[in-house]
**Q** 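Shown below is the structure under consideration.
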Amino acid sequence: MIQRQVQKAIAFAKKAHHGQLRRTGDPYLVHCIHTGRILAMLVPSSGQRAVETVVAGILHDVVDDTCESFPHIEEEFGDDVARLVAGVSRLSYINQLLRRHRRINLNQGRLGHEEANNLRVMLLGMVDDPRVVLIKLADRLHNMRTIYALPLTKAQAVAKETLVIWCSLASRLGLWAMKAELEDLCFAVLQPQMFKKMRADLALMWSHSSKVGNSKRISSSLPLNEKSSISDNEGSIAVDEDVTTMKDLLEAVVPFDVLLDRTKRSKFLNTLGQGLEPRTRPKVVQDAGIALASLVICEEALEQELIISTSYVPGMEVTLSSRLKSLYSIYTKMKRKDVSINKVYDARALRVVVGDKKGTLHGPAVQCCYNLLDIVHKHWTPIDGEFDDYIINPKPSGYQSLHTAVQGPDRSPLEVQIRTQRMHEYAEHGLAAHWLYKETGNKLSNINSTDESEIDASSFFSTNMEDQNSTVDDLFQKYSLLKIGHPVLRVQGSHLLAAVIIRVDKDGRELLVAVSFGLAASEAVADRKSPFQIKRWEAYARLYKKVTDEWWCEPGHGDWRTCLEKYALCRDARPVWAIVANLHSGH
């Protein structure tokens with residue numbers, strides 16, 4: 001049944017997009033399948049909701065870009081898939097409206113910090129299912145991977161928008177690996193010179209053939225100043241003198257699923273070492289391969305040490321993984337701390353996770369963490385002043401882990417993080433979006449082995465996927481639990497108006513709101529923790545009090561500064577002309 005659903009979706013998309021080509025020259029179906037592949041890496045390993053997400057990802061453009069309709073999708077694939085596709089369509093529509101407004105009216109399309117924050121809040125508030133945002137992120141990720149096909153100016157605009165809007169949304173969903181890839185794709189478009197230089201410097205640091213003295217040369221090779229910021233360096237998009245194309249730069253961004261999967265990582269490195277002669281492959285791509293290979297060497301070295309060591313608690317299950325910090329994150333850290341690239345000790349990291357049987361072996365697992373720390377420090381030389389014990393002293397967010405920086409096998413900095421399974425789940429998933437993360441042996445990942453031109457999807461999913469009884473997702477509960485007195489944003493055309501909820505009807509599906517024409521919409525995203533911001537929230541309280549004192553209780557009531565309006569939260573496929581976003585969380 002599940003195999004037939006995906007096969008049917010691909011066949012449906014192929015027919016709907018027949019004859020359509022992307023700017024890369026590929027059939028449009030390629031984009032649909034790649035979007036589905038990305039989603040298959042992120043949704044749970046089983047469950048009908050997971051399948052619906054991938055199916056909706058494959059179909060996400062059929063209504064906007066073809067003659068197909070939402071009723072037809074609902075008839076063929078069910079109400080849930082149709083609602084997901086409709087949600088993605090709404091996000092795209094509003095994003096296009098505001099992008100057009102910025103391009104025409106606001107400083108030649110630049111997206112300011114305040115406007116970006118408002119837009120993020122609005123986009124989150126207009127959906128009632130986090131899978132809608134997930135599908136849009138997968139769509140945007142594949143578009144960024146192929147953005148070289150766009151004109152340079154448009155590519156720059158899309159990259160800026162992705163960096164300030166969609167990377168932030170990926171972060172809010174806890175999709176750190178996807179966020180890192182999106183950041184680097186944007187960085188490659190917006191700062192190609194800096195991107196190349198940082199790739200080269202890291203490759204020089206992490207290459208086993210390099211000399212120890214190279215670090216001195218690197219330490220002063222990347223001066224950072226105000227002129228190097230992305231927002232100020234508009235001319236940096238131009239292709240440099242060694243004829244590295246934008247496509248080459250994008251190819252030098254390692255896909256997030258390659259970093260997460262050892263098998264894919266090995267295949268990726270083998271691909272880099274085969275086919276083209278090394279000298280004919282762009283240097284920036286070779287440098288990306290060196291960075292990834294260095295991570296593999298570090299991981300294998302520590303893994304061998306853990307296998308032969310008997311110091312840690314016997315019987316504990318220890319899992320080892322690794323990650324590369326995005327070049328964009330390294331760049332911002334260098335600017336923030338005013339340090340050179342070889343002083344960013346977490347540019348690459350190993351993560352050791354100790355199994356604790358869902359918390360039942362918490363004490364022994366914590367002791368094992370400290371024993372493993374001793375092993376790491378005996379195997380590699382610690383860097384002075386770079387040890388942090390977040391187990392004893394958790395971060396304000398509740399994050400717990402041991403962090404240490406050492407001189408790796410290539411004598412360059414390497415961070416090692418050690419934590420229990422419970423600490424790891426909290427760090428990676430937070431209190432929401434647990435269902436977004438794939439488990440070991442993801443049954444959805446078989447979508448990656450299918451050629452884009454093939455319609456047979458019988459190998460995409462395992463036949464024994466079980467139905468998943470899930471409640472409303474934690475991350476988006478705050479957008480459905482609307483209460484009287486909560487601040488909201490009301491969208492009118494491309495403008496944001498501040499408002500407050502006066503009445504909630506039909507289990508939150510209908511809202512009576514008081515819209516203020518004298519209260520700045522930007523105040524709706526204030527953080528209530530500071531005394532200054534408390535005063536801003538008091539302004540909403542005064543607005544609510546004014547409405548109740550005047551006994552305004554029906555749509556149309558009000559005065560020249562205040563008007564009561566009624567809205568039904570959109571859950572269908574009709575165009576969204578007014579959107580209400582719950583801002584109770586202050587984000």
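Along the sequence shown, residues carry numbers from 1.
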**Q** Check whether any side-chain heavy atom of Leu260 sits under 4.5 Å from a side-chain heavy atom of Met41, and report yes or no.
**A**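 Answer no - side chains too far apart.
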
**Q** Has the side chain of Asp26 got a donor or acceptor atom that lies under 3.5 Å from a matching backbone atom of Arg22?
**A** no

**Q** Under the ring pair (Phe, Tyr, Trp, His ring centres under 6.0 Å) rule, collect the residues that match up with His18, sequence neighbours excluded.
**A** none

**Q** Considering only NZ, NE, NH1 and NH2 on the basic side and carboxylate oxygens on the acidic side, decide whether Glu68 and Lys15 come within less than 4.0 Å.
**A** no

**Q** Are side-chain heavy atoms of Val284 and Phe195 found at a separation under 4.5 Å?
**A** yes

**Q** Please confirm whether the backbone N or O of Ala252 pairs with a side-chain atom of Arg199, one donor and one acceptor, at under 3.5 Å?
**A**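 A pair under 3.5 Å: yes.
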
**Q** Side chain of Ser168, backbone of Val164: donor and acceptor closer than 3.5 Å?
**A**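 Not a single qualifying donor-acceptor pair exists.
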
**Q** Among Lys264, Arg265, Lys267, whose salt bridge (charged side-chain N to carboxylate O under 4.0 Å, His left out) with Asp257 holds?
**A** Lys264

**Q** How many angstroms lie between atom CG of Asp248 and atom OG1 of Thr245, to the nearest 0.5 angstrom?
**A**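 Atom-to-atom, Asp248:CG and Thr245:OG1 are 3.0 Å apart.
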
**Q** Check whether more than 12 heavy atoms from other residues, nucleotides or ligands sit under 6.0 Å from atom NZ of Lys247, and answer yes or no.
**A** no

**Q** Regarding Glu52 and Arg83, does a basic nitrogen lie under 4.0 Å from an acidic carboxylate oxygen?
**A**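 Salt bridge flag = no for Arg83 with Glu52.
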
**Q** Under 3.5 Å, side chain of Asn270 to main-chain N/O of Ser266, donor-acceptor pair present?
**A**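 A pair under 3.5 Å: yes.
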
**Q** Just by distance, do the side chain of Asp79 and the backbone of Glu74 share a donor-acceptor pair under 3.5 Å?
**A**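 The answer is no, because no donor-acceptor pair under 3.5 Å joins these two groups.
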
**Q** On the 0 to 90° scale, with breaks at 30° and 60°, tag the His17-Tyr28 ring pair as parallel, tilted or perpendicular.
**A** parallel

**Q** Using only atom types and a distance under 3.5 Å, with no angle test, would you say the side chain of Lys196 pairs donor to acceptor with the backbone of Lys283?
**A** no

**Q** Do the rings of His142 and His34 sit parallel, tilted or perpendicular, given the 30° and 60° boundaries?
**A**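 The arrangement is parallel - the two ring planes meet at less than 30°.
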
**Q** Hey, is the main chain of His31 close enough, under 3.5 Å, to the side chain of Thr35 for a donor-acceptor pair?
**A**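 Checked: pair present.
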
**Q** So, do Ile38 and Leu137 sit near enough that their side-chain heavy atoms are less than 4.5 Å apart?
**A** no

**Q** Within the structure provided, determine whether Leu163 and Leu190 are in side-chain contact (heavy-atom separation under 4.5 Å).
**A**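 Yes; the side chains approach each other to less than 4.5 Å.
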
**Q** Taking 4.0 angstrom as the limit, do Glu183 and Lys179 come out as a salt bridge?
**A**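 Between Lys179 and Glu183 there is a salt bridge, with a charged N closer than 4.0 Å to a carboxylate O.
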
**Q** Would you mind reporting whether Lys14 and Ile58 have side-chain heavy atoms less than 4.5 Å apart?
**A**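 The answer is no, as the side chains (C-beta and beyond) never meet within the 4.5 Å cut-off.
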
**Q** Would you say the side-chain atoms of Glu181 pair up with the backbone N or O of Phe256, donor to acceptor, closer than 3.5 Å?
**A**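 Indeed, once roles are kept as given, a pair shorter than 3.5 Å links the two residues.
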
**Q** For the backbone of Arg131 and the side chain of Arg49, can you confirm whether one donor and one acceptor N or O come within less than 3.5 Å of each other?
**A**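 No, Arg49 side chain to Arg131 backbone: no donor-acceptor pair under 3.5 Å.
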
**Q** So Pro192 and Met246, do their side chains get closer than 4.5 Å, heavy atoms only?
**A** no

